[in-house]
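Remarks on the structure that follows.
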Amino acid sequence: MKQPLTAMALALAAALPAAAQPGVEVLHWWTAGGEAAALGLLKSNLEKQGIRWNDMPVAGGGGEAAMTAVRARVTSGNPPTAVQMLGFDILDWGRQGVVANLDDLAAREGWDKSVPAQVQKFSRHQGHWIAAPVNIHSTNWIWANRQVLERAGVAGEPASFDEFIAAAEKVRQAGFVAIAHGGQPWQEAIVFDSVALSTGGAGYYRRAFIEHDPQAIRSPTTRKVFQRMAQIRQLVDKDFSGRDWNVASGMVISGQAGFQIMGDWAKGEFLNAGKRPGQDFACYRFPGTQGMVSFSTDQFVMFRLEDAGKAAAQRKLASAIMEPGFQAAFNRVKGSAPARTDVPDTGFDDCGKKAIRDVAEAAGGNGMLGSIALGHATSASVKNAIYDVVTRHFNGQLDDARAVAELAAALAD
Ligand code: BGC
């Protein structure tokens, strides 16, 4: 018969060396200030439950380096407890048969009912829950420094792509960097998400980038998308190449630049620098994309673990991620909307409230579209082929017509 733990046994357990406590090894790429602040909430939450947190950061927005690191760990038969992952990468790991099954936890905690179908699509493999979604980010945002805009004589929110370009021109003429951009393929693809959505609307975006309809890809709309990418290219500074996304956010935060086109993790950087939405900075949807959300959801994929103690700690981690109170606290800091629709927007700032509203509207209609840049529209290999075309065009190595042709080849299944 099981005996209740005595005070002595409890004291002994508390005195165990750290290595003997149940722990979780979490691999992620949240290394920027705002990201680390958000992740710190999860870490302390688990540590309060007596679960040791073994942090495995692999820097690189977009997560490419992190994905290489996971592969090495899993192939050597030693997977981490949980790995931050995006879109089609999650489904790929599901197919490898190395992930845990979280169905009973999901059923007990009602995940099915609270997570939108578009997000669940990436949390489940053959119907089974394999990942815990922590947020819904979207890429079609613009972040602006209000003081810079004022000094450049830009009033209000640009209502169209052309108005945005005109506003950025004014910012440049006033002596600022117009658009702070980080010249890395995934960041160019983030801009492409917005420009494609704005130029062709939800129907075009879906047909071209999710369904790979050759007619949509080869249409004049795609040509126009590239023309517009080239207009944006004219408005970035000469040192953009290789710049990290958070360094670009820093240029807007410090008043060196007017705008950044970036997903809503950028807001985490503004908040972390003590800036206030509405007063110091503005957030708005990329002109022409209101009602649509090019979304990406960070999920923690749970790998199958043989050790019972580790597996138990893993389930506590999954449960902690899905807890509504945690989702509220985390996403207020991270800049995203919660992955659960039953989390009230209380305590979120205006940008956060807008993110939640926009996701609800898009998810209820036709406007919730997977981000091309962040692997929610196509498999990783097609995504990389798109990156290649978009980046070469952005860097002047392909003209618009050639870019359309190469994109069509990249998307031909
Ligand atoms: C992730 C975000 C992260 C961003 C920059 C994206 O891929 O989804 O959570 O903040 O990369 O690191």
Side-chain angles (χ1 to χ4, degrees), residues 26-43 55-70 82-90 118-119 122-123 131-141 143 180-194 242-250 252-253 260-273 283 293-301 321 327 330-339 351-352 355 359 369-378 380 383-384 386-387:
V26 184
L27 195 148
H28 62 88
W29 62 94
W30 285 336
T31 53
E35 296 174 329
L39 188 64
L41 298 173
L42 184 59
K43 181 173 178 240
D55 204 37
M56 296 181 62
V58 182
E64 282 165 277
M67 288 309 97
T68 309
V70 186
V83 179
Q84 177 196 357
M85 240 184 249
L86 298 174
F88 282 82
D89 287 335
I90 304 174
Q118 294 93 334
V119 172
F122 296 108
S123 320
V134 68
N135 63 21
I136 303 176
H137 270 304
S138 45
T139 59
N140 55 320
W141 287 102
W143 307 90
H181 176 65
Q184 298 170 347
W186 77 274
Q187 293 189 65
E188 264 117 46
I190 293 273
V191 178
F192 188 84
D193 275 2
S194 282
R243 180 185 285 141
D244 285 331
W245 70 271
N246 52 320
V247 175
S249 303
V252 179
I253 291 170
Q260 183 184 22
I261 303 163
M262 187 44 66
D264 39 17
W265 48 89
K267 192 185 81 178
E269 291 300 291
F270 284 84
L271 298 182
N272 200 46
C283 58
V293 163
S294 45
F295 81 98
S296 101
T297 150
D298 287 304
Q299 309 213 9
F300 282 92
V301 173
I321 290 171
Q327 292 237 341
F330 174 89
N331 287 300
R332 275 184 217 133
V333 178
K334 185 69 172 64
S336 28
C351 300
V359 163
L369 299 148
S371 155
I372 305 163
L374 292 186
H376 285 73
T378 66
K383 179 193 78 177
N384 290 335
I386 299 175
Y387 277 10

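Every value quoted in this text rests on a predicted model; they were computed, and no experiment measured them. Keep in mind that the numbers below use all heavy atoms, side chains included, and drop hydrogens, waters and symmetry copies. Read the numbers this way: they start at 1 and go in the same order the structure lists the ligands and their atoms.
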note = Nearest non-hydrogen protein atom to atom 8 (O) of ligand 1, with distance, is D298 OD1, 2.7 Å
ask   = Any N or O on W265 sitting closer than 3.5 Å to an N or O of ligand 1?
value = no
message = With a 4.0 Å cut-off on heavy atoms, is G62 in contact with ligand 1?
response = yes
request  = Measure the distance from atom 12 (O) of ligand 1 to every protein heavy atom, then report the residue, atom name and distance (to 0.1 Å) of the closest one.
outcome  = E35 OE2, 2.6 Å
task = For W245, counting its heavy atoms only, list the atoms of ligand 1 lying under 4.0 Å from any of them.
result = 5 (C), 12 (O)
key: Residue part near ligand 1, for L374, under 4.0 Å between non-hydrogen atoms   = side chain
query = Heavy-atom distance under 4.5 Å between the side chains of M262 and W141, does that happen here?
reply = no
ask   = Under a 4.0 Å heavy-atom limit, does L86 contact ligand 1 with its side chain, its backbone, both, or neither?
value = side chain
inquiry  = Just by distance, no angles: are the side chains of D244 and Q184 close enough, under 3.5 Å, to form a donor-acceptor pair?
reply    = yes
query = Taking it one step at a time, do W245 and W265 satisfy side chain to side chain contact (heavy atoms under 4.5 Å, CB included)?
reply = CA-CA 10 Å; W245 70 271; W265 48 89; 3.3 Å; yes
ask   = Can you list the atoms of ligand 1 that are under 4.0 Å from a heavy atom of K334?
value = 2 (C), 3 (C), 9 (O), 10 (O)
request  = If the plane angle is over 60° it's perpendicular, under 30° parallel, otherwise tilted; pick one for F330 and W30.
outcome  = tilted
inquiry  = Need the ligand 1 atom indices (1-based, order shown) with element for anything under 4.0 Å from a heavy-atom of G61.
reply    = 5 (C), 12 (O)
ask   = To the nearest 0.1 Å, how far is atom 11 (O) of ligand 1 from its closest protein heavy atom, and which atom is that?
value = W29 NE1, 3.1 Å
message = My understanding is that only residues two or more places apart in sequence, or in another chain, count here; which of them pass salt bridge (Lys or Arg N to Asp or Glu O under 4.0 Å) with R332?
response = none
ask   = For the ring pair Y387 and F192, is the centre-to-centre distance below 6.0 Å?
value = no
key: Evaluation steps, side chain to side chain contact (heavy atoms under 4.5 Å, CB included), between M67 and W29   = CA-CA 10 Å; M67 288 309 97; W29 62 94; 3.9 Å; yes
